[in-house]
Amino acid sequence: MSILVTGGAGYIGSHTCVELLDAGFEVIVVDNFSNSKSVVLNRIESITGKPLKLYAIDLLHREALEGVFEVNAIEAVIHLAGLKAVGESVDNPLWYYKNNITGTLNLLEIMNKYKVNKMVFSSSATVYGASSSVPNSEDSPLKANNPYGRSKLMIEEILGDLYRSNPDWYISILRYFNPVGAHESGRIGEDPHGIPNNLMPHISRVAVGRSDRLSIFGSDYDTPDGTGVRDYIHVVDLAKGHLKALEKINRVSGINYYNLGTGRGHSVLEVIKMFESVTGRNIPYSLTNRRPGDIDKCYADPTKAKVELDWVARKTLSDMCRDAWRWQKNNPNGYEG
Ligand code: NAD
Ligand code: UDP
């Protein structure tokens with residue numbers, strides 16, 4: 001029996017594959033490499049010493065996807081494949097809805113046909129939107145502010161309707177907070193195309209000399225030092241959360257929603273200071289205007305994942321900075337090098 005990981009060549013998917021292989025699962029990856037490179041899979045195999053099966057397939061290519069289910073005994077699907085850049089989703093919403101929603105519908109219809117009824121789905125804290133108060137618990141009000149977030153919310157609703165139509169589904173929806181860091185081998189990590197949108201890859205690129213300085217987006221937020229606060233979570237802790245979710249859906253049917261975060265918020269300035277102290281690199285920065293659409297603070301109440309999944313985030317902000325830097329230093333040009 002195998003676990004199908006869609007988007008398994010991506011940042012979170014690659015770390016999840018490592019944890020699955022280390023735990024003894026057989027892993028099948030489906031990825032179209034729209035935001036990843038196939039060399040990632042060689043690195044996963046070399047870290048774990050175990051092989052995985054790859055299908056270079058787009059979820060929109062239904063027949064090809066069905067072929068994967070025809071020839072493999074798939075027990076459960078961890079569904080990470082999706083487009084994730086907020087700005088891009090605002091500029092090109094139809095592309096985002098088609099890729100994320102039609103891709104998911106294809107997958108679910110094929111799963112239904114082949115009686116594979118266990119899914120772990122990658123959602124996001126973005127579904128809590130700007131309005132709710134922190135910390136966010138799973139029953140905080142939901143309101144996404146952009147097409148990317150709405151695609152996540154729509155998929156959550158589709159999965160809810162699916163479960164209500166057939167209670168024999170086993171579904172775990174994971175709402176990630178801010179994944180950062182890299183595997184401690186320094187061999188896999190986050191490799192954004194072009195200029196990174198997110199804070200940690202941007203800091204790492206400044207540290208390695210690929211960017212001159214960091215712009216801090218807003219210093220007048222209602223936070224202790226005026227810069228934005230987020231719940232950064234080490235990607236390996238996050239990957240381990242998928243295994244806990246898998247254990248749960250192997251035991252009980254139902255649909256469940258879990259926040260995967262540390263429960264602690266850190267400001268942009270705190271992250272910069274920690275990165276500087278762990279790595280000894282100087283990170284020049286400028287205080288600039290707020291980024292449109294940003295919120296002041298966002299962090300998780302992760303109690304439900306602790307109680308129901310026996311999962312807690314163990315790694316600290318210092319671990320996150322150290323591992324992000326090791327990855328960046330060893331791979332200054334990402335996977336291109
Ligand atoms: P990523 O871009 O590194 O990985 C996504 C992978 O999916 C890529 O390898 C991409 O090539 C693949 N993919 C995209 N569309 C596909 C399609 N139609 N068919 C086949 N493969 C396809 O992103 P990530 O950071 O690893 O995120 C994984 C998931 O987690 C995404 O669904 C994302 O929305 C969600 N998420 C990410 C974050 C974050 O900050 N990284 C936060 C919350 C949620
Ligand atoms: N941020 C910043 N400069 C950057 C990138 C991000 O100041 O180059 C800030 C951003 O305004 C937010 C925090 O860092 O307060 C985290 O941003 P990121 O894009 O990583 O996550 P998100 O805002 O999507 O939670």
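Counting starts at 1 for both ligands and their atoms, in listed order.
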Review point. Based purely on interatomic distance, does Ser123 place a nitrogen or oxygen under 3.5 Å from a nitrogen or oxygen of ligand 1?
Key: no
Exercise for review: Any atoms of ligand 1 less than 4.0 Å from a non-hydrogen atom of Leu80? List them with their elements.
Suggested key: 28 (C), 29 (C), 31 (C), 32 (O)
Review point. Can an N or O of Glu190 be found at a distance shorter than 3.5 Å from an N or O of ligand 1?
Key: no
**Study point:** Heteroatom distance test (Leu199, ligand 2): nitrogen or oxygen, under 3.5 angstrom
**Key:** yes
Review point. Does the N or O separation between Val268 and ligand 2 drop below 3.5 Å for any pair?
Key: no
Review point. Hey, is Tyr285 touching ligand 2 through its side chain, its backbone, both or neither, going by heavy atoms under 4.0 Å?
Key: neither
Check your understanding: Hey, which atoms in ligand 1 end up nearer than 4.0 Å to a heavy atom of Ile57?
Key -> 19 (N), 20 (C)
Review point. Is the shortest distance from a heavy atom of Ser34 to ligand 1 less than 4.0 Å?
Key: yes
Exercise for review: Would you mind running through ligand 1 and noting each atom that sits below 4.0 Å from a heavy atom of Phe33?
Suggested key: 11 (O)
Review point. Would you say ligand 1 has an N or O under 3.5 Å from any N or O of Pro179?
Key: no
Practice item. Look at ligand 2 and say whether Gly218 reaches it with a heavy atom at a distance under 4.0 Å. Key: no
Review point. Does an N or O anywhere in Asp58 fall below 3.5 Å from an N or O of ligand 1?
Key: yes
Point to revise | Polar proximity ligand 1 side, Leu59 side, N/O cut 3.5 Å exclusive | key: yes
